[in-house]
Amino acid sequence: MGISRDHWHKRRKTGGKRPQPHKKRKFELGRPAAQTKLGAKRIHTVRTRGGNKKYRALRLDIGNFSWGSEGVAKKTRVIDVMYHPSNNELVRTKTLTKSTIVQIDAVPFRQWYESHYGLPLGRKKGVKLAEAEEAVLNRKRSAKSQKKIAIKQRRAKVEQGLEEQFQAGRVLACVASRPGQCGRCDGYVLEGKELDFYMKKIKAKKSK
């Protein structure tokens with residue numbers, strides 16, 4: 001039996017059976033779930049109704065993630081699946097769907113922040129920076145450029161929970177796209193109350 005998205009095979013609210021008005025139709029078809037896994041990129045194209053296309057991601061490990069409070073998006077590596085709101089089995093099998101909480105590489109965001117604000121982010125005290133990193137932070141600037149940087153630095157505050165993650169080199173993010181439909185794993189970095197909420201959930205899961 002194929003997967004069908006019809007409603008006439010379901011019983012009525014009262015429990016009575018509905019008569020079958022017709023056989024299964026092409027426009028009522030459903031397809032198996034993509035079950036996108038974490039791994040080297042592999043995408044299949046699916047022809048859909050009207051000659052349109054869906055991009056069925058079977059494996060993905062890279063995506064575009066936005067840092068909302070800073071208004072910047074970076075292409076970065078997805079490292080691990082940390083939590084899923086619907087099913088723990090999807091965490092164990094490292095399955096990517098919309099709303100999956102993943103751990104991503106923080107380096108692209110850190111590099112942007114240090115270049116934009118001229119301040120270190122998530123650096124441990126007393127640890128010596130590499131020459132290239134030192135050059136980015138302490139590069140020569142004109143008086144006008146220095147003045148601009150000084151104004152930017154006044155609002156260069158990163159919340160504590162996020163800064164701790166930058167120290168570890170990995171930040172938590174939520175997948176906002178649908179990998180099985182569009183073939184992409186894009187999302188946003190978790191911040192504020194949303195970050196606190198998911199941190200509690202992850203800690204509770206670990207303590208079980």
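Treat the numbers as computed from the prediction; the structure is a model and nothing was measured.
- The number of heavy atoms from other shown groups lying within 6.0 Å of CZ (Arg42) does not exceed 12.
- Taking hydrophobic clusters as Ile, Leu, Val, Met, Phe, Trp and Tyr residues chained together by side-chain heavy-atom distances below 4.5 Å, Phe197 shares a cluster with Met199.
- Not counting sequence neighbours, Arg170 has no partner by the salt bridge (Lys or Arg N to Asp or Glu O under 4.0 Å) test.
- Shortest non-hydrogen contact noted between Glu191 and Gly68 is OE2-N, 3.6 Å.
- A donor-acceptor pair under 3.5 Å is formed between the side chain of Glu159 and the backbone N or O of Gly192.
- To the nearest 0.5 Å, the span separating CD1 on Ile3 from CZ on Arg31 amounts to 10.0 Å.
- At a threshold of 4.5 Å between non-hydrogen side-chain atoms, the residues Glu28 and His9 do not count as touching.
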Step-by-step side chain to side chain contact (heavy atoms under 4.5 Å, CB included) determination, Leu162 to Trp67: CA-CA 11 Å; Leu162 200 55; Trp67 186 359; 3.6 Å; yes
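- Remark: the backbone N or O of Ser4 is not paired with any side-chain donor or acceptor of Lys24 at under 3.5 angstrom.
- Closest non-hydrogen pair, Ala57 versus Gly183, comes out as CB-CA, 3.8 Å.
- The side-chain contact (heavy atoms from CB on, under 4.5 Å) test applied to Ala34 returns Thr36, Arg56, not counting sequence neighbours.
- Under a 3.5 Å cut-off, the side chain of Gln165 and the backbone N or O of Leu172 do form a donor-acceptor pair.
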Take Val171 and Gln103 through the side chain to side chain contact (heavy atoms under 4.5 Å, CB included) test and state the conclusion after the steps. CA-CA 6 Å; Val171 293; Gln103 203 171 48; over 6 Å; no
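- Under the 3.5 Å distance criterion, the side-chain polar atoms of Arg18 are left unmatched by any main-chain donor or acceptor of Gly16.
- Two residues are said to be in side-chain contact when any heavy atoms from C-beta on lie closer than 4.5 Å; Val102 and Val175 meet this criterion.
- Leu58 and Ile43 fall into different hydrophobic clusters, where Ile, Leu, Val, Met, Phe, Trp and Tyr are joined by side-chain heavy atoms under 4.5 Å apart, directly or via other members.
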Could you go through the side chain to side chain contact (heavy atoms under 4.5 Å, CB included) check for Thr95 and Val81 one step at a time? CA-CA 7 Å; Thr95 303; Val81 176; over 6 Å; no
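- A single hydrophobic cluster is not seen to contain both Val72 and Leu195; linkage of ILVMFWY side chains at heavy-atom distances under 4.5 Å, directly or through other members, places them apart.
- Nearest heavy-atom pair across Ser99 and Pro85 is O-CD, 3.3 Å.
- Here the side chain of Arg110 pairs a donor or acceptor atom with the backbone of Phe166 at under 3.5 angstrom.
- Val91 and Met82 are assigned to two separate hydrophobic clusters, defined by single-linkage of ILVMFWY side chains at heavy-atom distances under 4.5 Å.
- Taken from CG in Leu190 to OH in Tyr198, the straight-line distance is 7.5 Å, to the nearest 0.5 Å.
- Rounding to the nearest 0.5 Å places CZ of Arg184 at 8.5 Å from NZ of Lys41.
- Taking a 6.0 Å sphere around NE2 of His7, one finds it holds 12 or fewer heavy atoms contributed by other residues, nucleotides or ligands.
- Remark: the backbone N or O of Glu89 is paired with a side-chain donor or acceptor of Thr93 at under 3.5 angstrom.
- When atom types are taken as modelled, the side chain of Glu70 and the backbone of Tyr113 share no donor-acceptor pair closer than 3.5 angstrom.
- Listed here is the closest heavy atom pair of Arg5 and Phe27: NH2-O, 3.1 Å.
- Here the shortest heavy-atom pairing between Ile104 and Ile79 reads C-CD1, 3.8 Å.
- Here the straight-line distance linking atom OG1 of Thr76 with atom CG of Asp61 works out to 10.5 Å at 0.5 Å rounding.
- Not one N or O on the side chain of Arg77 forms a donor-acceptor pair closer than 3.5 Å with the backbone of Ile62.
- Residues Ala40 and Arg59 come closest through the heavy atom pair O-CB, 3.0 Å.
- By the side-chain contact (heavy atoms from CB on, under 4.5 Å) test, His116 is found to be paired with Trp112, Lys152, residues two or more places apart in sequence or in another chain being considered.
- Among Phe65, Tyr83, Tyr188, the one residue that satisfies the side-chain contact (heavy atoms from CB on, under 4.5 Å) test with Cys174 is Tyr188.
- With no hydrogens or angles considered, no side-chain donor-acceptor pair links Thr48 and Lys53 at under 3.5 Å.
- Checked by atom type and distance alone, the side chain of Asp186 pairs as donor or acceptor with a backbone atom of Asn64 at under 3.5 Å.
- For CZ of Arg47, the number of neighbouring non-hydrogen atoms (other residues, nucleotides, ligands) closer than 6.0 Å is greater than 12.
- Atom CD of Gln160 sits in a sparse spot, with 12 or fewer heavy atoms from other residues, nucleotides or ligands closer than 6.0 Å.
- Using a 4.5 Å heavy-atom threshold, the side chains of Thr45 and Lys54 count as separate.
- How far CG of Leu90 is from OG1 of Thr100: 7.0 Å, rounded to the nearest 0.5 Å.
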